[in-house]
Number of protein chains: 2
Amino acid sequence: MKREASGRAVLLRPRADAADEVQVDLGPLTDGIGYMLRRAQLASFKNFQQVFGPVGITPAQYSVLLIIELNPGLRQTQVSDALGIKRANFVGLIDVLEKRGLAQRIPAVDRRSYALHLTEQGRKFLKPLRELNDAHEAQLAAALGKDGRAALVSALTAIASMETVSGPATDDDA
Amino acid sequence: MKREASGRAVLLRPRADAADEVQVDLGPLTDGIGYMLRRAQLASFKNFQQVFGPVGITPAQYSVLLIIELNPGLRQTQVSDALGIKRANFVGLIDVLEKRGLAQRIPAVDRRSYALHLTEQGRKFLKPLRELNDAHEAQLAAALGKDGRAALVSALTAIASMETVSGPATDDDA
DNA sequence: TATTGTTATACTCTATAACTATA
DNA sequence: TATAGTTATAGAGTATAACAATA
């Protein structure tokens, strides 16, 4: 990690021609939680795309597949709520997974809703994805110290839980 | 922080009617860096919006104002590169700040470019925003332990720097 | 009346290509 | 030829409102 005299972190954006490289002082930004959270999340997302690129799965799709396998029979609202996705936007998401033959909507007793399940094909498809995700996570963890990983996840969990405190999470309470 | 028997973190989405609350097992997601990074970033962004809502400034706009004040005279490309924003998308960003009278484009010696500066009004406007950001950061830090903050920022910096390693950052090298 | 899934829609971010004026 | 800024456009992701079917 490159740092300038002040000990401040410098995020380099390498350019095709590195000759006219100019050191821009990012000031307090690189010492702030909010800004670094955004930059780290972007880097993590990019890494996910590189690792999962060949199979054509987005982070959102992967999380949905995981949840459905782990909690078979859930309604769409339950899955979308758990993942922080509006149920209106979840429709297209599950549409894609169903058209790819990975998940299916099964009519439930309450006939307004569907029970979500993975197909057999979906389960087979998901298995090797776990290893891809392990590789992705390993690359993130490699950027941290050995014990830094657990501390980071715990810190992120604490911050992520803030949303529980501050605001409502229901879909259409405006 | 609520945890279930396994010690796994549970992110609650409170609903209007909490009666039919169902515990959805998020499984390995809440133990993963990538997913928790996204959730934490969303929570942080929401907190920023709540704090900065009254003044109508987005995180991106705030970061641009900060960079320009700290490095007066930079070209648009230099600022957008430093912040990881495509120069095409930076145009609208700086347009807004200029129309609000906070920043200005000043013709440079190289007449293809502009030197970016804050206006006097922009400097006055920015001053109290620092306190807002301190409050925002304090609320994030409050979710962490006292020494957790420094460790978190250092970990996020390490992850954010991954993008330096893996991919090119130029604008149109596709 | 309230809820589930759905559609339509709009708004923001982001990404790419192509243009202009300068160099 | 290459670069700085710009425009146009397309694709995600996200947000709200309203509807039909069902409870």
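Since this is a predicted model, take the numbers as computed values, not measurements. Note on naming: letters A, B, ... go to the chains in the order of the sequence lines (proteins, then strands), and numbering restarts at 1 for each one.
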It should be established whether [X] places a side-chain nitrogen or oxygen under 4.0 Å from OP1 or OP2 of nucleotide [N].
X: B/Arg111; N: C/dT22; answer: yes
X: A/Gln76; N: C/dT6; answer: yes
X: A/Thr77; N: C/dG5; answer: yes

query = Is the shortest heavy-atom distance from the side chain of A/Pro28 to the side chain of B/Leu66 under 4.5 Å?
reply =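 With C-beta onward as the side chain, the pair touches.
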
Can you tell me the distance, in whole Å, between the [atom1] atom of [X] and the [atom2] atom of [N]?
X: B/Leu83; N: C/dA15; atom1: CG; atom2: P; value: 14 Å
X: B/Gln41; N: D/dT14; atom1: CD; atom2: P; value: 11 Å
X: B/Glu98; N: D/dG5; atom1: CD; atom2: P; value: 12 Å
X: B/Lys86; N: C/dA18; atom1: NZ; atom2: C1'; value: 16 Å
X: A/Gln49; N: C/dT14; atom1: CD; atom2: C1'; value: 11 Å
X: B/Ile106; N: D/dG5; atom1: CD1; atom2: C1'; value: 16 Å
X: B/Asp81; N: D/dT3; atom1: CG; atom2: P; value: 12 Å
X: B/Arg105; N: D/dA4; atom1: CZ; atom2: C1'; value: 12 Å

query = With nearest nucleotides of DNA chain D determined for B/Ala115 and A/Thr58 from heavy-atom distances, which residue corresponds to the more 5′ nucleotide?
reply =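 Result of the comparison: B/Ala115.
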
request  = Specify the residue among A/Asp110 and B/Val91 whose closest nucleotide of DNA chain D lies further upstream toward the 5′ end.
outcome  =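 Final value for this comparison: B/Val91.
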
task = Indicate, with a heavy-atom threshold strictly under 4.0 Å, whether B/Asn89 touches base, sugar-phosphate, or nothing.
result =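 Answer is base: heavy atoms of B/Asn89 come under 4.0 Å of a base.
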
task = Select base, sugar-phosphate, or nothing to describe what B/Tyr114 touches, counting heavy atoms under 4.0 Å on all strands.
result =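 Answer is sugar-phosphate: B/Tyr114 comes under 4.0 Å of backbone atoms only.
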
key: Given D/dT7, D/dT16, C/dG5, the nucleotide with the shortest approach to the side chain of A/Ala88   =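 In terms of side-chain proximity for A/Ala88, the closest of D/dT7, D/dT16, C/dG5 is D/dT16.
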
request  = Identify, between A/Arg112 and B/Phe45, the residue whose nearest nucleotide on DNA chain C lies closer to the 5' end.
outcome  =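 Its nearest nucleotide lies further toward 5', so the answer is A/Arg112.
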
Residue whose closest nucleotide on DNA chain C lies nearer the 5' end, B/Val109 versus A/Arg38 =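 Checking each residue's closest nucleotide, the 5'-ward one belongs to A/Arg38.
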
ask   = Ignoring hydrogens and angles, does a donor from either the side chain of A/Arg87 or the base of C/dG5 sit under 3.5 Å from an acceptor on the other?
value =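 Such a pair is found, so the answer is yes.
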
task = Please state whether the base of C/dT4 and the side chain of A/Arg75 form at least one donor-acceptor pair under 3.5 Å?
result =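 It does not, because no donor-acceptor pair links the side chain of A/Arg75 to the base of C/dT4 below 3.5 Å.
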
key: Those residues that, when tested against B/Arg112, pass side-chain hydrogen bond (donor to acceptor under 3.5 Å, both in side chains) (two or more places apart)   =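 Testing B/Arg112 for side-chain hydrogen bond (donor to acceptor under 3.5 Å, both in side chains), a comparison that skips the adjacent residues, returns B/Asp110.
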
message = Do A/Leu70 and A/Tyr114 land in one hydrophobic cluster if side-chain heavy atoms of ILVMFWY residues count as linked below 4.5 Å?
response =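 Not linked; separate clusters.
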
ask   = Judged by atom type as modelled, is there a donor-acceptor pair below 3.5 Å linking the side chain of B/Ser44 to the main-chain atoms of B/Ala40?
value =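 Flag not set: sc B/Ser44 to bb B/Ala40 has no pair under 3.5 Å.
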
inquiry  = Pair A/Arg105, A/Gln76 - check side-chain hydrogen bond (donor to acceptor under 3.5 Å, both in side chains), show working.
reply    = CA-CA 9 Å; A/Arg105 288 182 246 232; A/Gln76 295 185 186; 2.7 Å; yes

